[in-house]
Amino acid sequence: MAAFRRRPEYELDDLSDEKLIAYAVGAREAGDREAESTALAVLAWGLIGFIQAVVAERVPIKEVEDVAGDVVEGALKSLKREGARFQGSTQAEFRGWLRRIAYYKRADHLDTKSREVKTTILPSEHTDDDGVWGKEPSVGDPNEALGSWELFAVEIAKLDPAKQRVVELNVFEDLASRDIADRVNEELPGLDPPMTPANVDQIISRFRKDLRGKLD
Amino acid sequence: MSDVDRIYRQFTERHRSGEGPEPLEFLGQVDGTDRAELAVLIAAFLEQAPRRPWDSERYAGSSAQRAVEAATAETVGERLRRSRDAAKLRRDEVVDRLGDALGLPREEKVRHYYHQLETGLLDPAAVSSKVYTALGTVFGTDAEGLRRSPAGERAPGRADSAEVFARRSLPDAQYGMTDATEAYEPPAAPSGPPPPSARERGEWDEIDRLFLGGE
C-alpha cells in the first residue's frame with residue numbers, strides 16, 4: 001500500500017466527495033489526525049449548506065443550524081469508523097446517504113418537539129380558564145418530514161422525458177427558456193412538435209404549481 | 001418572476017461564481033410554503049452541484065467547525081487504544097497489569113470490562129478514578145488525560161439519533177449503497193459475564209463497583 005502523503009488544503013478542494021473521504025480514511029490509518037480533521041473540515045464546509053436546505057424544508061429556520069450540525073456530526077462519526085465503505089461510490093450515492101440521515105434527524109427533531117407540545121397546556125382546551133392563554137403551539141406532522149425529496153422526485157418522474165429534461169435544465173442549470181428549448185430539441189431530435197420557449201414556461205409553471213400544492 | 005424564483009436564481013448564481021453562499025440567508029427572506037419550496041429547490045441544486053469552495057476564515061467559528069470538532073474528538077476508548085499501541089502492549093497484557101495494579105489479578109470480569117471500555121461499550125464516566133490511575137501506571141501516562149471525555153461523548157445506548165441513522169444507512173461493501181431501512185448489526189459482544197442489571201446491583205462485587213459505580 002502506498003504511504004499516505006499529506007496534501008495542501010487547495011488540493012483537497014478539487015477532490016470528489018469519494019476521493020476526499022478516501023483521503024481522510026488514509027490519513028486516519030496513517031495516524032495523521034490533523035490531515036484527517038482537515039479533510040473532514042473541507043467535506044463538512046462544502047456540504048453543510050446542502051444539509052441545511054434539506055432540514056429547512058420542514059424545520060423552523062432558527063432551529064436549522066443546530067439540527068444540520070447534528071446531522072453532519074453523526075455522518076462524520078460514521079465516516080470515521082466506516083469511511084472505507086464509500087470507496088467506489090458516486091457523488092449521488094454519498095449525498096443520497098447524507099440526505100437520508102437529514103430526513104431521519106429532521107423527523108426525530110420534529111417528533112421530539114411534538115412530544116414537548118403534548119405536555120403544554122393548550123389554550124383551545126381551556127377557554128374558560130383566564131390563566132391559560134396565548135398562541136396555540138403546533139408543529140408539522142413528523143410523518144411528512146420524510147417526503148420532500150421524494151415528492152420532488154415523484155413530481156419529476158410523472159413527466160414525460162422531454163418535460164423532465166425541461167425541469168432539470170431549469171432547476172439545476174438555470175438556463176433561460178429559449179436555451180432550454182434549444183437543448184431539449186438537440187437532445188431529442190424526434191420531438192414533435194419541437195419544444196418552444198412558451199412550452200418551457202408552461203411546463204415549469206405547472207411543475208412548480210404541482211410541487212407547491214404538495215408542500216402546502 | 002416570483003420571489004422564490006428570484007431568490008433561487010440569486011443563490012445559484014452566487015454558488016456558480018464560487019462565492020459559497022449561505023442557504024439560510026436566502027431561506028430567511030421568505031416564509032411558509034415559499035420557504036419550503038425554496039428549500040426543496042436549493043437542496044436539489046446543492047445535491048448535484050460542486051461542493052462550496054473551502055474557506056478557512058469563514059469555517060472558523062462556524063457550525064461546520066463545531067460538528068467536525070465534535071466528530072473527531074478522541075473518545076476515551078480511542079485514547080486507551082492509542083496509549084496501548086504507544087506502550088506496545090497487547091490487550092491481554094494490559095488487562096493482566098491492570099488486574100495486578102488493582103489487586104485483582106486474573107479476574108475474567110476485569111478483562112470483560114476493560115474490553116468494553118476500549119470499544120466504547122462502557123460509560124467512561126461510570127468507571128472509578130482508581131481504574132484510570134491504575135491504567136495511567138500501566139501506560140506510563142497521566143490518569144486524568146486518559147479519563148477526559150470529549151464534550152458530547154455519550155454512554156453506550158444513548159447515541160445521538162443522527163449517528164444511529166448514519167450507521168443504519170451505510171453502504172454495503174459488496175452491494176453498494178443500502179436502503180436506509182436495513183437494520184444495523186452491532187459488533188458482536190465479547191464473551192464473558194454481562195454487566196449486572198439494576199436489580200442485581202445489591203450483589204455488585206468490588207469489580208462491578210470499580211467499573212460501573214463511578215467515583
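Side chains included, hydrogens not; waters and symmetry mates left out as well; all remaining heavy atoms used. In the text below, chain A, chain B and the rest are named by the order of the sequence lines, each starting its count at 1.
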Chain B heavy atoms under 4.5 Å from [X]: which part of the residue, side chain, backbone, both or neither?
X	value
A:Ile51	neither
A:Thr90	neither
A:Val42	both
A:Asn170	both
A:Ile48	side chain
A:Asp17	both

Shortest non-hydrogen contact from [X] to [Y]?
X	Y	value
A:Arg95	B:Pro50	NH2-C, 4.3 Å
A:Gln91	B:Glu47	NE2-O, 3.5 Å
B:Pro23	A:Gly49	CG-O, 3.5 Å
A:Glu73	B:Ala71	O-CB, 3.8 Å
A:Ala56	B:Ala39	C-CB, 4.0 Å
B:Ala70	A:Lys77	O-CE, 3.7 Å

Is the shortest side-chain heavy-atom distance between [X] and [Y] below 4.5 Å?
X	Y	value
B:Val4	A:Arg212	yes
A:Phe50	B:Ile42	no
A:Arg208	B:Asp5	yes

Between B:Leu38, B:Leu27, B:Thr12, B:Val68, which shows the greatest number of heavy-atom pairs under 4.5 Å with chain A?
B:Val68
Any idea which of B:Gly20, B:Ser62, B:Ala49 has the most non-hydrogen atom pairs under 4.5 angstrom with chain A?
B:Ala49
Heavy-atom donor-acceptor pair, A:Arg33 side chain to B:Thr72 backbone, under 3.5 Å
yes
Check for a donor-acceptor pair, side chain of A:Asp13 on one end and backbone N or O of B:Trp54 on the other, with a separation under 3.5 Å.
yes
Which portion of [X] sits near chain A, non-hydrogen atoms under 4.5 angstrom:
X	result
B:Glu25	neither
B:Arg58	both
B:Phe26	neither
B:Asp85	neither
B:Glu37	both
B:Ser63	both

Go through the steps for B:Arg66 and A:Glu65 under the test side-chain contact (heavy atoms from CB on, under 4.5 Å), then give the verdict.
CA-CA 11 Å; B:Arg66 288 192 291 277; A:Glu65 199 170 355; 3.7 Å; yes
Is B:Arg51 close enough and on-axis enough to A:Trp45, meaning under 6.0 Å and within 45°, for cation-pi?
no
To the closest 0.5 Å, what do you measure between CG (A:Leu211) and CG (B:Leu41)?
6.5 Å
Residue, of A:Arg28, A:His109, A:Gln52, that accumulates the most heavy atom pairs under 4.5 Å with chain B
A:Gln52
Would you say that more than 12 heavy atoms from the other residues, nucleotides or ligands in this model lie under 6.0 Å from the CZ of A:Arg178, or not?
no
Would you find more than 12 non-hydrogen atoms of other residues, nucleotides or ligands less than 6.0 Å from B:Arg6 atom CZ?
yes
